[in-house]
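First the structure, in the form of structure tokens, and then the observations on it.
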Amino acid sequence: MTRRDESDEELRDIVERASGADVEAFGLIYDRFVDDVYRFALFRLGNRHDAEDVTELTFVRAFEAIGRYRWGKAPFSAWLFRIARNLVTDHFRRKGRTTTVDIAEIGDTIPSTRGTYEEVALRCDARELHDAIGKLTEHQRSVVLMKFFGGLTNAEIAAAIGKNEGSVKSLQHRALAALARILAPDEET
Amino acid sequence: MRDMLHQGGQGERRDKDRADAHEADAHEADAREGALIRALRATATRCGLDESTRHAMRARVLSRAAAAKAAKAAAPRSADVVSNGPRLASRRLAARFIAVVTASSMLGGSGGLAYAAQDAVPGERLYGVKRVTERAGSALALTPDARARMELVLVRRRQAEVDLLSERDPAVAAVYTEEAVAQAHRAARATAALSEPAKADLVGRLIAITARQRVRIAEIAVMLGADAGPGIREALSRAGEKARSQALEIMLQRDAAAPSPPPDERPPSGPDPADE
């Protein structure tokens, strides 16, 4: 049972209060999901400034629309990420695909301790990872970012991108294989 | 027959070799996938929002939410039309239209709508117009001095809004206070970029406004009834803490900007190394 499952009822209560325009309850939703949405936007857009704008707008739009959200129809996180995903698409439509990549500021080399394949991670910094993710297909990219940066489950991702869980698993598998090829081409046999 | 058996044995060995190779490949793929997943998760943990951005964004989101709620309560029918009726593109056009009208009315000096919006507070329909007008004004402030003065005007406005909201609904004021404090932070950054003598004057005014801000935060804390939820109290507490640390930073700006005493008034501090 995941952390999300355990607190599913709690989240339902918060969402229902927020649906009645309870600003305080909406603040709890913000606290719970803001980092996940921001990380998704950051690795999708490539710079902090745009990621912050999209994250803020995601929550503003969510508050405007939460009265129309129906619990059980789709997981709440999937509904929220769908808003974020649409805003990212709008952003690219407005500004084009060129982004100022300051994502390298995020940090150093990823720590790693063992194994030949750990070298994939060892050599990989945030900028490389961002560039590699950028080479995936649209759906593969969404799956990787929602799963590992947004913390969504396969079922939640499936609802967010309009696919079934099997497709999500397959997309994830192909995405990771593609990332491995991009990041560590020498290890391909 | 022996040949067949031999071939069969070879076939079995080949199958076994192939199965071993598949297993090795699977292990390799699993290891590669595992390493990548660890890499992705490790990167994700490092790229969250920093605390100050998270709080400032929270204040903006919740103040806009509170404003939307109040607007809906004031005019439910029109709010329904806004949320359900026009499509996104039309809404964008409408927003651009408002921005152009307010900016041009401001520039042109007529400013009917912009003028009417100046007293609006969060939750009122003209409040959006007020903020658009402010953005237009900020865009016209081209020098550091003009920018700092504009930011200072905006701090006063945000504070006046908090004052008014606290009389109407302390809970809404408590949430909105974070936005006022965030604006004071923007003003402090703008004054930090200034040089003398303009800096001392503007920093002095900012100190006065932030002192008023802190008093109001304390008053709102008292006004909040027992019904106020922990989220609202936390928002106010965060605003109070931020306002306190900001006040210190602004004081430091003032101290750094204070002119040093002329040489003959300096306290004796031992022999001047230049004399040696």
Side-chain angles (χ1 to χ4, degrees), chain A residues 18 21-28 30-31 34-36 38-39 42-43 48 51-52 55-56 59-60 62-65 67-68 90 103 106-108 110-112 115-122 124-126 129-130 133 144-145 147-151 172-173 176-177 179-180 183-184 187 189, chain B residues 21 24-25 27-50 53-70 72-73 79-80 82-84 88-89 91-92 171-172 174-176 178 228-235:
Chain A
D22 181 336
V23 174
E24 195 191 331
F26 192 75
L28 298 176
Y30 172 91
D31 294 339
V34 67
D35 277 324
D36 294 341
Y38 173 73
R39 280 193 285 260
L42 178 63
F43 264 75
R48 288 177 188 276
E52 283 171 18
T55 305
E56 184 169 335
F59 284 95
V60 171
F63 185 81
E64 288 169 359
R68 298 195 294 278
D90 282 351
I103 211 160
I106 288 166
D108 313 318
I110 289 159
S112 173
T116 312
Y117 294 106
E118 293 292 318
E119 285 171 15
V120 175
L122 189 68
C124 168
D125 65 18
L129 209 48
H130 170 263
I133 290 169
V144 166
L145 293 180
K147 175 116 187 184
F148 301 110
F149 291 76
Q172 180 190 316
H173 182 71
L176 290 173
L179 281 177
L183 292 167
E187 288 177 10
T189 51
Chain B
D25 285 350
H27 279 307
E28 197 174 302
D30 287 349
R32 192 191 299 268
E33 207 164 278
L36 267 171
I37 289 170
R38 279 192 291 280
L40 290 163
R41 290 203 165 124
T43 307
T45 56
R46 291 201 314 271
C47 63
L49 278 167
D50 63 80
T53 310
R54 186 205 312 268
H55 283 149
M57 189 190 289
R58 191 182 202 276
R60 287 194 300 274
V61 167
L62 294 192
S63 67
R64 287 173 75 171
K69 177 187 174 182
K72 198 170 179 181
D80 285 347
V82 167
S83 60
N84 296 326
L88 193 61
R91 269 193 262 168
R92 274 204 205 113
V172 174
V175 172
Y176 189 68
E178 282 193 288
I232 287 174
R233 290 193 179 281
E234 276 168 26

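In the text below, chain A, chain B and the rest are named by the order of the sequence lines, each starting its count at 1.
Scanning for side chain to side chain contact (heavy atoms under 4.5 Å, CB included) contacts around A:Ala62 gives A:Phe26, A:Trp79, A:Leu80, A:Ile83, with sequence neighbours left out. When the side chain to side chain contact (heavy atoms under 4.5 Å, CB included) test is applied to B:Ala174, the partners found at least two apart in sequence or on another chain are B:Ile220, B:Leu224, B:Ile232, B:Leu236.
Ranked by heavy-atom pairs shorter than 4.5 Å toward chain B, the options A:Val60, A:Leu145, A:Asp22, A:Ile133 are led by A:Val60.
Atom-to-atom distance recorded for A:Glu52:CD and B:Asp50:CG is 7.0 Å, nearest 0.5 angstrom. A distance of 5.0 Å separates CE of B:Met57 from OH of A:Tyr30, quoted to the nearest 0.5 Å. Interatomic distance, A:Asp31 CG to B:Arg58 CZ, rounded to the nearest 0.5 Å: 4.0 Å.
The parts of A:Phe148 that come within reach of chain B are both its backbone and its side chain, each placing non-hydrogen atoms under 4.5 angstrom from that chain. If you measure heavy-atom distances from A:Phe149 to chain B, the contacts under 4.5 Å come from both the backbone and the side chain.
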A:Lys147 and B:Leu40: CA distance, side-chain angles, deciding distance, side-chain contact (heavy atoms from CB on, under 4.5 Å) verdict:
CA-CA 10 Å; A:Lys147 175 116 187 184; B:Leu40 290 163; over 6 Å; no
